[in-house]
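Read the structure below first, then the notes.
Keep in mind that the numbers below use all heavy atoms, side chains included, and drop hydrogens, waters and symmetry copies. So that the names make sense, note that chain A is the first sequence line, chain B the second, and so on, each numbered from 1.
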2 protein chains.
Amino acid sequence: MASHGARGRSGGRPTLEEVAARAGVGRGTVSRVINGSPRVSDATRAVVEAAVAELGYVPNTAARALAANRTDAIALVVPEPETRFFAEPYFSDILRGVGAALSDTEMQLLLIFAGSDRERQRLAQYLAAHRVDGVLLVSVHADDPLPDMLSQLEIPAVISGPRSAAETLASVDSDNYGGARQAVEHLIGRGRRRIAHITGRLDVYGAQRRIDGYRDALSDAGHEVDELLIEPGDFSEEGGRRAMAALLERRPGLDAVFAASDVTAAGARQALREAGRRIPDDVALVGYDDSAIARHMDPPLTSVRQPIQEMGRAMIDLLLTEVADRRPSMARGLERRQMVLATELVDRASS
Amino acid sequence: MASHGARGRSGGRPTLEEVAARAGVGRGTVSRVINGSPRVSDATRAVVEAAVAELGYVPNTAARALAANRTDAIALVVPEPETRFFAEPYFSDILRGVGAALSDTEMQLLLIFAGSDRERQRLAQYLAAHRVDGVLLVSVHADDPLPDMLSQLEIPAVISGPRSAAETLASVDSDNYGGARQAVEHLIGRGRRRIAHITGRLDVYGAQRRIDGYRDALSDAGHEVDELLIEPGDFSEEGGRRAMAALLERRPGLDAVFAASDVTAAGARQALREAGRRIPDDVALVGYDDSAIARHMDPPLTSVRQPIQEMGRAMIDLLLTEVADRRPSMARGLERRQMVLATELVDRASS
DNA sequence: ATCACTTGTGGGAGCGCTCCCACAGTACCT
DNA sequence: AGGTACTGTGGGAGCGCTCCCACAAGTGAT
């Protein structure tokens, strides 16, 4: 019934043109007003704003995107091969920070899953089509091709957790080194002497930094580092269990464990139980992340809290700066593109 | 430097017009091919597809949205006043189901937070501007104006967890009634006789259904329902603690508790501990949700698992049907718009 | 041979916006 | 008086698509 041409007319949402007519000005002027251009007189601006309000005008995003060649959307890409990522509050918290930061802007948030190969394929198309102004990358592995693809396409991107000390992409991270130090210093302060460390996945830069922090904290306190007290884990519960069992076998006299994640600590706790060690009486336990698991573990787990929500915020801030920079090409920013946020030790009964 | 007109030309992404030229056909034909219209000869289709492949053509979404008056995007709206919602795996799981279902389609997923007033405001604008083809609503309260706004705007929507038995919106839910029955029947089967129930928030329909299930399971087993064994909670940990304390005071002889959520159960466990009751020896405990908390609790918590990922999938399926129906106005579907998925009891050490 | 369909195709018009050029008006120098 | 420089404004052109009308060509009934 309704012809193509008539579609928009009949009772549809008002267009910029209709606002212009109503306000008795030209299209360009209305456009300037709604985009906050300074080149409009106060009187005209007031008239236009009144017309906008009266008509309930809301700009059409599609038209704007087409004309301006930008989308006002950013994507949060979740390379979700590992279920782990989702099972932890980490993700939700990042999302909250991102959401909060975004609600101050006009940007919209696209959520893209890039777990399966087909999803990756689709993502590549998205990016190639420049359907987003910028990309947020969380939990990326060292060998992921995604970051390079992004720089090749010149799409602004921010990564959470740099891939190495030489990360070229803008990044936001918590202070893994400092967090590990806090944990170990806390244990030392509690009188522990034989402190073990169950690491994270060794191909994750942050896990390396935690090892460095562990080492330095011991050295600086005048303890020497016993390499046999360091056992590789993989952030998983089962990995934590295995690593703990190995450590108990090798160094039965250990009196504390710093685990690279809460989940790892949960696994370690199991192994400790099975070996008949009491927590914290025989062995003190400290985790990392301060996730829900830490609060509900028995005994409640001392853990290093990362300001995850703030990290989400910071990622958005960085990304929006990059996006803006890329727009009418201002002098490129002062290269403050790596951001590290402080951690905090949450002291509970396990240590 | 680059003029407006030159922007797209210089090395930019290929347009439909360029594909048409390359294939030696008209624009309309290319459009038909990429949209899968049957009114194209096989020969022509092959030629066009070859051109698309050679040029690496990807349609411009903004242009398509503008011309066709649709967005190919749906929004997942999170009315996130309560942090609880986020702290639980529920959200992530829904998201995973939604993401999985969506990866089979061309739809993109927008994540919209509608916690604060300002965010609500923005959401209203979004919806008014018809920036999405459909909306997914999770964890909506009985008195939320959002659902009505959506039907007024005639935007297809699916709600997770109907607001009442008379829900008018399409909805997906797990079998709260059946799940509660499973839990209670399990406890009865274990020889428990004085089974208490800590409810969820009473303004949540699902919580009501769980109470019904609790009641009927007892009645059908020939037990009579002791109203003083039912204590209202609010899904929170603190609420669980409080309710449990009240129950212990009122009915010290109880030998089992069915809590309306895992978090509630965690609170109850605390109160039981403080009262010196052992789990499961003195009091058996069953939760609901089978979240990470259940696995890590001490002892591990028996819980009713909802197929949350499947629920996400189902929501998408329902929504896409609605969106399609609304498009070239086919005969409206057969009104199978409420969907209920089965639950499963996960038996652990707490019962 | 004529008419009436059907199938496949080309291309004009239009979606609602931004960008930019042109130009009127005003202000301040020479 | 004429220049030069701004500020503010209007509106044409164009972004890359979809929709639809027009029309060519083929098919079969009359």
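Side-chain N/O atoms of A:N35 include one lying less than 4.0 angstrom from OP1 or OP2 on C:dT18. Within the structure, a side-chain polar atom (N or O) of A:S31 is placed less than 4.0 Å from OP1 or OP2 of C:dT18. Residue A:S41 places at least one side-chain N or O under 4.0 Å from the OP1 or OP2 atom of D:dT9. Taking only side-chain nitrogens and oxygens, A:R27 never comes nearer than 4.0 Å to OP1 or OP2 of D:dG11.
Side-chain N/O atoms of A:Q108 and B:Y126 include a donor and acceptor closer than 3.5 Å.
What you find for A:V40 and A:R32 is that their closest heavy atoms are CG2-CB, 3.6 Å.
Nearest to the side-chain atoms of A:T29 among the listed nucleotides D:dG10, D:dC17, D:dG8 stands D:dG10. Of the candidates D:dT18, C:dG8, C:dC17, D:dT18 carries the atom nearest the B:A67 side chain, counting heavy atoms from C-beta on. Side chain of A:L16, nearest nucleotide from C:dC17, C:dT9, D:dG16: C:dC17. Of all nucleotides listed (C:dC15, D:dT9, D:dC20), D:dT9 comes nearest to the side chain of A:T44. Across D:dC19, D:dC17, C:dC17, the shortest atom-to-atom separation from the side chain of B:A68 is found for D:dC19. Of the candidates D:dT7, C:dG16, C:dG14, the closest approach to any side-chain atom of A:L66 belongs to C:dG16.
Residue A:I34 contributes atom CD1, which lies 8 Å from atom C1' of C:dC17 at whole-angstrom precision. Here D:dC15 presents its P atom at 20 Å from CZ of A:R131, a figure rounded to the nearest Å. For the pair B:N69 CG and D:dC20 P, the interatomic distance rounds to 12 Å; values are reported in whole Å. A:L55 places its CG atom 14 Å from the P atom of C:dG16, with the value rounded to the nearest Å. Separating the CZ atom of B:R70 from the P atom of C:dG16 is a distance of 16 Å, rounded to the nearest angstrom. Distance B:R45 CZ to C:dT7 C1': 13 Å, rounded to the nearest Å. Atom pair A:R39:CZ and C:dC19:C1' shows a separation of 14 Å (rounding to whole Å applied). Across the protein-nucleic acid pair, A:D72 atom CG and C:dC17 atom P stand 13 Å apart, rounded to whole Å.
Ion pair B:D144/B:R120 flagged as a salt bridge, since at least one NZ, NE, NH1 or NH2 atom sits closer than 4.0 Å to an Asp/Glu carboxylate oxygen. By the 4.0 Å N-to-carboxylate-O rule, B:E322 lies close enough to B:R337 to be salt-bridged with it. Salt bridge annotation for B:R163-B:D143: absent, with no cationic side-chain nitrogen under 4.0 angstrom from a carboxylate oxygen. Ionic pairing of B:D117 and B:R122 is not present here: no N-O contact between side-chain nitrogen and carboxylate oxygen is shorter than 4.0 angstrom.
Judged by distance alone with a 3.5 Å cut-off, no donor-acceptor contact links the side chain of B:R13 to the base of D:dG16.
A:R64 comes within contact range of the sugar-phosphate backbone alone, with a heavy-atom separation under 4.0 Å but no base atom that close.
Each of A:V40 and B:P14 lies near DNA chain D, and the nucleotide nearest A:V40 is the one positioned closer to the 5' end.
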